[in-house]
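Here is the structure we will look at.
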Amino acid sequence: AQKVTQAQTEISVVEKEDVTLDCVYETRDTTYYLFWYKQPPSGELVFLIRRNSFDEQNEISGRYSWNFQKSTSSFNFTITASQVVDSAVYFCALIFYNTDKLIFGTGTRLQVFP
Amino acid sequence: SQTIHQWPATLVQPVGSPLSLECTVEGTSNPNLYWYRQAAGRGLQLLFYSVGIGQISSEVPQNLSASRPQDRQFILSSKKLLLSDSGFYLCAWSKRRGETQYFGPGTRLLVL
């Protein structure tokens with residue numbers, strides 16, 4: 001089966017706390033891409049990162065960092081020093097090489113309280 | 001830079017009425033185009049995609065259809081809406097298959 005699992009349905013933190021959103025995927029393909037998208041209350045999906053299956057190097061962008069581990073089929077997302085503006089639903093997604101269908105997880109709702 | 005538009009932003013329709021949602025992309029040519037649906041509290045499901053004018057692929061058999069009359073225009077339609085068609089419809093584009101898909105602002109559809 002090819003699927004993406006985001007086991008955390010909702011997380012609540014207080015501002016300035018660090019928070020990690022988990023993403024686990026299943027696939028038998030060797031070439032694929034992983035994504036994270038943010039969906040604020042307005043509804044639009046905002047692209048955050050794309051990572052290919054051959055690049056396991058972790059990435060940091062400001063307060064955001066991503067940890068890709070092929071051995072555990074995980075692509076976790078950490079927000080350092082969370083802010084109220086980080087409150088949103090975050091989706092992890094998977095697409096196979098040369099295909100059109102993004103396979104989404106069910107999302108994790110993050111609420112950051114002041 | 002590329003931008004993607006969707007309209008209307010919100011729509012309330014009675015059961016059995018027709019539907020037409022429009023999506024247009026600016027700033028790129030020959031994009032791949034996609035329609036997704038997000039039911040309340042759930043993830044996104046791909047409905048249709050198109051790699052060129054007049055070329056439509058359906059992922060899920062349903063009450064909806066899609067058309068691509070122009071290079072950067074993608075339309076989602078229905079002849080008779082069902083209650084189960086309610087949801088949030090998102091259009092997306094990408095340069096090529098397998099690449100990053102960029103999403104529009106979405107249309108919230110409520111069928112009563």
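A note on names: the letters A, B, ... follow the listed sequences, proteins ahead of strands, and every chain is numbered from 1. Keep in mind it's a predicted model, so treat the numbers as computed, not measured.
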Heavy-atom pair of closest approach, residues B:Glu99 and A:Arg50: CA-NH2, 4.0 Å
- request: Using a cut-off of 6.0 Å, state whether more than 12 heavy atoms not belonging to A:Gln57 lie near its atom CD.
  value: no
task: Work out which heavy atom in B:Gln38 is nearest to a heavy atom in A:Phe91; give both atom names and the distance.
output: NE2-CZ, 3.3 Å
task: Taking all non-hydrogen atoms of both residues into account, name the closest pair between A:Asp100 and B:Gln101 and its distance.
output: O-NE2, 2.9 Å
task: Name the region of B:Arg108, side chain, backbone, both or neither, that has any atom closer than 4.5 Å to a heavy atom of chain A.
output: side chain
field: A:Thr99 vs B:Arg97, side-chain contact (heavy atoms from CB on, under 4.5 Å): CA-CA, chis, key distance, verdict
entry: CA-CA 5 Å; A:Thr99 65; B:Arg97 61 188 352 173; 5.7 Å; no
field: Single-linkage hydrophobic cluster A:Phe104~A:Tyr25, side-chain heavy atoms < 4.5 angstrom
entry: no
- request: Verify the cluster assignment for A:Val89 and A:Val46: are they in a single hydrophobic cluster under the rule of side-chain heavy atoms below 4.5 Å apart?
  value: no
- line: Smallest heavy-atom separation, B:Phe88 atom then A:Gln39 atom, equals CE2-NE2, 3.7 Å
Contacting region of A:Tyr97 [heavy-atom separation from chain B under 4.5 Å]: neither
B:Tyr102 and A:Leu45: CA distance, side-chain angles, deciding distance, side-chain contact (heavy atoms from CB on, under 4.5 Å) verdict: CA-CA 8 Å; B:Tyr102 298 95; A:Leu45 255 69; over 6 Å; no
message: Is there a path of hydrophobic side-chain contacts, each under 4.5 Å between heavy atoms of I/L/V/M/F/W/Y residues, joining A:Leu94 to A:Leu102?
response: no
message: Between A:Tyr37 and B:Phe103 (judged by ring centroids, cut-off 6.0 Å), do the two rings come close enough to count as a pair?
response: yes
query: Taking atom CZ of A:Arg51 as the centre, does the number of heavy atoms from other residues, nucleotides or ligands within less than 6.0 Å exceed 12?
result: yes
Over 12 foreign heavy atoms within 6.0 Å of NZ, B:Lys95: no
message: Taking B:Ile75 as the starting point, is it possible to reach B:Trp35 by hopping between hydrophobic residues whose side chains are less than 4.5 Å apart?
response: no
field: B:Leu44 portion near chain A, given a 4.5 angstrom heavy-atom threshold
entry: both
- request: Give a yes or no on whether A:Val24 and A:Ile49 share a hydrophobic cluster (residues Ile, Leu, Val, Met, Phe, Trp, Tyr; joining criterion: side-chain heavy atoms under 4.5 Å apart).
  value: no
- prompt: Less than 4.5 Å apart, any side-chain heavy atom of B:Thr100 and any of A:Tyr33?
  reply: no
message: To the nearest 0.5 Å, what is the distance between NZ on A:Lys101 and OH on B:Tyr49?
response: 9.5 Å
